[in-house]
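Working notes, structure below.
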Amino acid sequence: MKYFVIAGFVAIIGSLGAALVFMMRGGQQGDDDTGTETPPRNGMARALAFRVGFSILLFLVVLISYWMGWIQPTGLPVRP
């Protein structure tokens, strides 16, 4: 389970990095070989959407794992 959570965080950070790359490139319109302009790509929006999806998926997996008893909470005991 620990490795799955680490892989989830790596996917989230990787998607955020990809969005940064798309943002830094600017998504400018350009000319292709035919002389017509190409529309800007939505790479940054897609990368950020994947990041949100990975975050929600990781949250749900941790929540379901807790309910199923696969993981146990640690930390300070709760006082009544």
Side-chain angles (χ1 to χ4, degrees):
M1 194 63 189
K2 184 185 333 183
Y3 297 118
F4 184 77
V5 171
I6 291 170
F9 278 126
V10 168
I12 291 168
I13 298 298
S15 180
L16 195 59
L20 176 67
V21 169
F22 284 121
M23 183 180 72
M24 296 308 279
R25 287 186 183 170
Q28 300 170 351
Q29 292 180 345
D31 293 333
D32 58 7
D33 293 339
T34 61
T36 60
E37 288 189 12
T38 58
R41 307 223 189 271
N42 294 333
M44 186 176 74
R46 187 176 303 126
L48 291 175
F50 279 130
R51 185 191 67 85
V52 170
F54 288 140
S55 299
I56 292 171
L57 179 66
L58 182 63
F59 177 75
L60 290 176
V61 166
V62 168
L63 189 64
I64 290 170
S65 298
Y66 174 71
W67 282 342
M68 299 292 286
W70 297 338
I71 58 174
Q72 297 296 322
T74 59
L76 298 174
V78 178
R79 293 184 182 176

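Bear in mind the structure is a predicted one, so any value in this text is a computation, not a measurement.
One hydrophobic cluster, built from ILVMFWY side chains closer than 4.5 Å, cannot hold both I12 and F22; they sit in different ones. A single hydrophobic cluster is seen to contain both I71 and L57, as judged by linkage of ILVMFWY side chains at heavy-atom distances under 4.5 Å, directly or through other members. Hydrophobic clustering (side-chain heavy atoms under 4.5 Å, transitive across Ile, Leu, Val, Met, Phe, Trp, Tyr) keeps Y3 apart from I13. Follow the hydrophobic side-chain contacts under 4.5 Å out from W67 and you reach F59 in the same cluster. V10 and L58 sit in two unconnected hydrophobic clusters of ILVMFWY residues. Membership requires side-chain heavy atoms under 4.5 Å apart, directly or through other members.
Considering every non-hydrogen atom in both F50 and S15, the closest pair reads CB-OG, 3.8 Å. For V5 against V62, the heavy-atom pair with the smallest separation is CG2-CG2, 4.2 Å.
Separating the CG atom in L20 from the CG atom in L48 is a distance of 10.0 Å, to the nearest 0.5 Å.
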task: Apply the test side-chain contact (heavy atoms from CB on, under 4.5 Å) to residues V61 and M1: give CA-CA distance (whole Å), side-chain angles for both, the deciding distance (0.1 Å), then the verdict.
output: CA-CA 10 Å; V61 166; M1 194 63 189; 3.5 Å; yes

